[in-house]
Amino acid sequence: MKHYDYLLVGAGLYNGVFAYFAGKAGKSCLVVEKRSEAGGNVYCENIEGINVHKYGAHIFHTNDKSIWSFVNSLCEFNRYTNSPVANYKGELYNMPFNMNTFNKMWGVVTPEEARAKIESQRQAVKGEPRNLEEQAISLVGEDIYRKLIKGYTEKQWGRDCRDLPAFIIKRLPVRFVYDNNYFNDRYQGIPEGGYNMIINKLFEGCDMMTGTDFLCNRELSDNCDKIIFTGPIDAYYGYSEGRLEYRTLRFETEVLDTDNFQGNAVINYTDRETPYTRIIEHKHFEFGTQEKTVITKEYPSEWEEGMEPYYPVNDEKNQKLYLKYAEKASKEDKVIFGGRLGEYKYYDMDKVIASALGLCRKELGSAFSWM
Ligand code: FAD
Ligand code: UDP
């Protein structure tokens, strides 16, 4: 069997970035991916001429100019700006929390009125917020917490908001201007032609084995100097310290015989009773004009063996357990863990790229040339 410098387990963005720069540095890589296609969670499937984000909607956003230049060097990005709408029992609110939301919720018109309303609703939270519920109420008050956060969050995470870490809700901007842009980052967009364009370029020049689970074929590493593992770190160690928890999603995708189903790419269903958290209408990510449309409903659930682990649950208990695995990992000299599952971190795409670039610098040394 051929010898490789690196065995890359998982064909997601993390390993893609490493593969790209390793190739430029003259290193050889074998990629092993258990799914039937490369791309990890950013993979798109073309249905009716529409790029369908098969493993969940992905909007690229970053504040880092060099990362933005890097992804744009691989593919042109469009001007899509994410502005989800929340549907609470038929009442529609703009997201993220901004003057449009406050106006619809309370009829307030000025930022001063909005601030006063929130102030009057956050008195119950004393001191530093200790969990997601306290953090949410302290940021936007009781009404918005009840209508737009509590139901959605408890569906998404399967846990009471009092048992979830505050940082999850701090991902969302709170603004006292009329601005529905979901992100604060300076750069944002969707790759024209879909994410596969990027993935194909990143892995160009690698040997790739899809449909292959490394954990059932560990002998594949015999002919490789090092392994970069982007699957779940607890699975690599056979769950020896116990199981980390993940949230998973079930995607229900339908082709509809209409050109425009919901008028927006993302509509969140924020009540507790609707079983899905959101409906994605994929064509709107690329301003599609196709005759038909494709929509996906997202149903969250607890991860069990055999399901895709999408979201690490970074609460205290899991974080403690993760540290035990990280301790084992730090003693390895042949295997490196990276990415959302390897590092058990709720990373966005730009952060995964940044983390992979950190590894490139360390591993490839002076052979690493950045842009
Ligand atoms: P992954 O993409 O998960 O790739 C890991 C790969 O390893 C997978 O393909 C997996 O099949 C493979 N693998 C695992 N175990 C094995 C094994 N034993 N053998 C072989 N292969 C294996 N980020 C944003 O910036 N914007 C967004 O809008 C956004 N939306 C998201 C929506 C959802 C539903 C999810 C889940 C994530 C979202 N993200 C978003 C985050 C984004 O998906 C990640 O940051 C990024 O894709 C992680 O890349 P990765 O390479 O670490 O992992
Ligand atoms: N959230 C909410 N209501 C919404 C949208 C988001 O309460 O309409 C909360 C929810 O807890 C979610 C968190 O905000 O987990 C972060 O949302 P984001 O859209 O960043 O989640 P992701 O993109 O990771 O699915």
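Quick caveat, the model's predicted, so the values are computed rather than measured. Numbering of ligands and ligand atoms starts at 1, following listing order.
- For ligand 2, the atoms lying closer than 4.0 Å to a non-hydrogen atom of Thr270 are 8 (O).
- Ligand 2 has a nitrogen or oxygen under 3.5 angstrom from a nitrogen or oxygen of Arg171.
- For the atom pair CG of Asp348 and CZ of Phe60, the computed distance is 9.0 Å after rounding to the nearest 0.5 Å.
- At a 4.0 Å heavy-atom cut-off, ligand 2 touches Ile149 through backbone and side chain alike.
- Close placement of the Tyr311 and Tyr346 rings is indicated, their centers lying within 6.0 Å of each other.
- In Glu302, the CD atom is crowded: over 12 heavy atoms of neighbouring residues, nucleotides or ligands sit closer than 6.0 Å.
- Geometrically, ligand 1 and Gly56 share no nitrogen or oxygen pair separated by less than 3.5 Å.
- The side chain of Ile169, and not its backbone, has at least one atom closer than 4.0 Å to an atom of ligand 2 (non-hydrogen atoms only; side chain from C-beta on).
- Identified under the salt bridge (Lys or Arg N to Asp or Glu O under 4.0 Å) test for residues 50-71, with sequence neighbours left out: none.
- Among all protein heavy atoms, the one lying closest to atom 1 (N) of ligand 2 is Tyr152 CD2, 3.6 Å.
- Atoms of ligand 2 found under 4.0 Å from any heavy atom of Tyr182 (numbered from 1 in listed order, with element): 5 (C), 6 (C), 17 (O), 18 (P), 19 (O).
- Distance from atom 8 (O) of ligand 2 to its nearest protein heavy atom, with residue and atom name: Asn268 ND2, 2.9 Å.
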